[in-house]
> 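The structure that follows is given in the form of C-alpha cells.
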2 protein chains.
Amino acid sequence: MANKIGYLSCLDTVKPVRDAIDVINGKWKLSIIISVMTGNERFTDIQGSIPGISPKVLAKELKDLEQHQLIKRVVIEDYPVKILYKPEPYADTLTPIIQALKVWGLTHRERIFSKA
Amino acid sequence: MANKIGYLSCLDTVKPVRDAIDVINGKWKLSIIISVMTGNERFTDIQGSIPGISPKVLAKELKDLEQHQLIKRVVIEDYPVKILYKPEPYADTLTPIIQALKVWGLTHRERIFSKA
DNA sequence: TATAGTACTTTCCTAAAGGAAAGCGAAATA
DNA sequence: TATTTCGCTTTCCTTTAGGAAAGTACTATA
C-alpha cells in the first residue's frame with residue numbers, strides 16, 4: 001500500500017481552461033459575440049449574420065451572454081420600441097481567444113484541403 | 001421590395017472560429033490534450049490528472065483526438081502489453097488557444113471572486 | 001384593409017453528452 | 001490462491017443542445 005501517484009499534475013492549466021470553456025461553451029456563443037462586436041445590434045441582424053442559427057437558440061444564448069456581462073440588452077423607448085444588443089467592455093477580453101481560434105481554424109481548413 | 005440586407009457580415013471570423021470549435025468541442029478535449037502534452041501517457045494517469053472524467057468519456061475522446069491526429073495511440077508489445085498516448089506535433093499548434101483560454105480563465109476567476 | 005417586419009416564445013422532437021456503476025480478460029503481485 | 005492493476009467496455013439513465021415549425025403581440029407600410 002505504497003503511495004502511488006503516477007500522473008503529472010496539470011491542474012494549473014486544466015482548471016482555468018475549463019473555467020473559460022464553461023463561459024463560452026456551445027456551438028453559438030462565440031459567433032454571437034463576434035457578430036455583436038462587428039456591429040450587429042438588432043436581433044434579426046445578428047440572426048442574419050450567423051448562418052443556421054434559429055431564433056430560439058439565439059434568444060437563449062443572448063440571455064446567457066447578458067448574464068455573463070459580455071453583452072447588454074438595451075431597450076429604446078421609441079415608437080416602435082427598439083431593442084439593441086451591444087458588446088460590454090468585458091467582451092473585448094475575449095479577443096485573444098477569438099483570434100487564436102480564427103488563426104487555427106484557417107490553417108486547419110488548409111490542412112484538411114491539402115491532404116484531401 | 002427594395003434590397004434589404006441590414007446586417008454586417010462577420011463570416012470571415014465566424015467561419016474559421018466554428019471550424020476550430022468543431023474540433024475541440026465538448027467539456028473534456030482540451031483537458032485531455034493538456035494532460036497528454038504535460039507528459040501523461042497511460043490511460044489511468046490521464047484519467048487521474050483530470051478530476052471528474054469517467055473512463056467511458058476518456059476512451060471516447062481519446063479516439064476522437066486520435067482521428068484528428070492530435071494524439072497517437074502507441075501499443076508496446078511487452079509483457080504485459082503497454083498502451084501509451086503521445087501528443088502529435090499537430091497538437092502544438094493548439095498552444096496559443098490553450099494559453100489564451102488559460103489567461104482568460106484566470107482573470108475571469110479573479111473577477112468573479114473580487115465582486116462576490 | 002392586407003401584408004410585412006420585429007423580437008421573440010412555444011411546442012415538439014431527436015441526438016448527443018455525459019454521469020454511475022459494474023464488468024472483464026489478462027497479467028502482476030501478495 | 002486471492003487480490004489488484006490496466007485499459008478499457010457495457011448498460012442504464014438523465015441532462016443538455018439544438019433543429020423545425022408555428023405562433024404572437026405589436027407596429028408599419030402598401
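Just so it is clear, the structure is predicted and the values come from calculations on it, not from any experiment. Order of the sequence lines sets the chain letters (A, B, ...), proteins ahead of strands, with each chain counted from 1.
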> Rounded to the Å, how far apart are A:Leu62 CG and C:dA7 P?
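Rounded to whole Å, this separation is 11 Å.
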
> What's the angle between the local helix axes at either end of the helix from C:dT1-D:dA30 to C:dA30-D:dT1, using five pairs per end and rounding to 10 degrees?
0°

> Rounded to whole Å, how long is the line connecting atom CG of B:Asp64 with atom P of D:dC8?
15 Å

> How close or far is atom P of D:dG7 from atom CD1 of B:Ile71, stated in whole angstroms?
13 Å

> Can you measure A:Lys60 atom NZ to C:dC8 atom C1' for me and round it to whole angstrom units?
16 Å

> Would you tabulate the nitrogen or oxygen pairs shorter than 3.5 Å linking the protein to nucleotides 23-25 of chain C?
none

> Kindly indicate whether the side chain of B:Ser35, heavy atoms from C-beta on, has any atom under 4.5 Å from the side chain of A:Tyr7.
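No, too far: nothing below the 4.5 Å cut-off.
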
> Would you say the side chain of A:Trp104 lies within less than 4.5 Å of the side chain of B:Leu94, judging by non-hydrogen atoms?
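A side-chain contact under 4.5 Å exists here.
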
> Can you pull the side-chain hydrogen bond (donor to acceptor under 3.5 Å, both in side chains) pairs that have at least one residue in residues 83-92 of chain A, sequence neighbours excluded?
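Non-adjacent pairs meeting side-chain hydrogen bond (donor to acceptor under 3.5 Å, both in side chains): A:Glu41-A:Lys86, A:Arg73-A:Tyr85, A:Tyr90-B:His108.
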
> With sequence neighbours left out, what residues match B:Glu77 under side-chain contact (heavy atoms from CB on, under 4.5 Å)?
B:Val75, B:Val81

> List, with names and distances, any nitrogen or oxygen atoms from the protein found under 3.5 Å away from nitrogen or oxygen atoms belonging to nucleotides 27-30 of chain C.
| residue | atom | partner | partner atom | Å |
| --- | --- | --- | --- | --- |
| C:dA28 | OP1 | B:Tyr79 | O | 3.0 |
| C:dA28 | OP1 | B:Pro80 | N | 3.3 |

> Hydrophobic clusters join Ile, Leu, Val, Met, Phe, Trp and Tyr when side-chain heavy atoms are under 4.5 Å apart, directly or via other members; which others share one with B:Val74?
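For the cluster that includes B:Val74, the remaining residues are B:Ile76, B:Leu84.
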
> How would you list, by chain and number, every residue that makes a side-chain contact (heavy atoms from CB on, under 4.5 Å) with B:Pro51, sequence neighbours excluded?
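Scan of B:Pro51 (side-chain contact (heavy atoms from CB on, under 4.5 Å), adjacent residues dropped) gives A:Leu11.
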
> Taking DNA chain D as the partner, which of residues 27-35 of chain B come within under 4.0 angstrom of it by heavy atom?
none

> Looking at side-chain heavy atoms only, is the closest gap between A:Pro55 and A:Gln47 below 4.5 Å?
yes

> In whole angstroms, how far is the P atom of C:dA17 from the CG atom of B:Leu58?
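Atom CG in B:Leu58 sits about 15 Å away from atom P in C:dA17.
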
> What nucleotide, of D:dG7, C:dT9, D:dC8, holds the atom closest to the side chain of B:Arg42?
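Selected nucleotide (nearest to the side chain): D:dG7.
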
> For B:Glu61 and C:dG19, what is the distance between atoms CD and P respectively, to the nearest whole Å?
10 Å

> Compare all side-chain heavy atoms of B:Trp28 with those of B:Leu58 and state whether any distance is below 4.5 angstrom.
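Heavy-atom side-chain distance check fails, nothing below 4.5 Å.
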
> Is there a side-chain contact between B:Ile97 and A:Ile97, using heavy atoms and a 4.5 Å cut-off?
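When only atoms from C-beta onward are counted, A:Ile97 and B:Ile97 do not touch, as no gap falls below 4.5 Å.
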
> Who pairs with A:Ser54 by side-chain contact (heavy atoms from CB on, under 4.5 Å), at least two apart in sequence or on another chain?
A:Lys56, A:Val57

> Under a 4.5 Å cut-off applied to non-hydrogen side-chain atoms, are A:Ile34 and B:Val17 in contact?
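When only atoms from C-beta onward are counted, B:Val17 and A:Ile34 do touch, with a gap below 4.5 Å.
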
> In whole angstrom, what separates B:Asn40's CG from D:dG7's P?
12 Å

> Kindly state which residues belonging to residues 43-57 of chain A come within less than 4.0 angstrom of DNA chain C, counting heavy atoms of the residue only, listed by number.
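Those residues are A:Phe43, A:Thr44, A:Pro55, A:Lys56.
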
> Atom CZ of B:Arg73 to atom C1' of D:dC6: distance rounded to whole Å?
12 Å

> B:Ser31: which residues meet the side-chain contact (heavy atoms from CB on, under 4.5 Å) condition with it, sequence neighbours left out?
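Residues passing side-chain contact (heavy atoms from CB on, under 4.5 Å) with B:Ser31: A:Val14, A:Arg18, B:Ile50.
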
> Taking only side-chain nitrogens and oxygens of A:Lys63, does any of them come within less than 4.0 Å of OP1 or OP2 of C:dT9?
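A:Lys63 to C:dT9 OP1/OP2: side-chain N or O found under 4.0 Å.
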
> Within a strict 4.5 Å, meaning less than it, do heavy atoms of the A:Leu106 and B:Asp19 side chains meet?
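Contact flag for A:Leu106/B:Asp19 side chains = no.
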
> Identify every side-chain donor-acceptor pair in residues 59-66 of chain A under 3.5 Å, counting partners at least two apart or on other chains, and give the distances.
| residue | atom | partner | partner atom | Å |
| --- | --- | --- | --- | --- |
| A:Glu61 | OE1 | A:Lys29 | NZ | 3.3 |

> Around atom NZ of B:Lys82, are there more than 12 heavy atoms of other residues, nucleotides or ligands at under 6.0 Å?
no

> Taking side chain as C-beta onward, heavy atoms only, is A:Cys10 less than 4.5 Å from B:Asn40?
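The answer is yes; the side chains approach within 4.5 Å.
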
> Has A:Tyr85 got a side-chain N or O lying under 4.0 Å from the OP1 or OP2 atom of C:dT6?
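Answer is no, no contact under 4.0 Å.
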
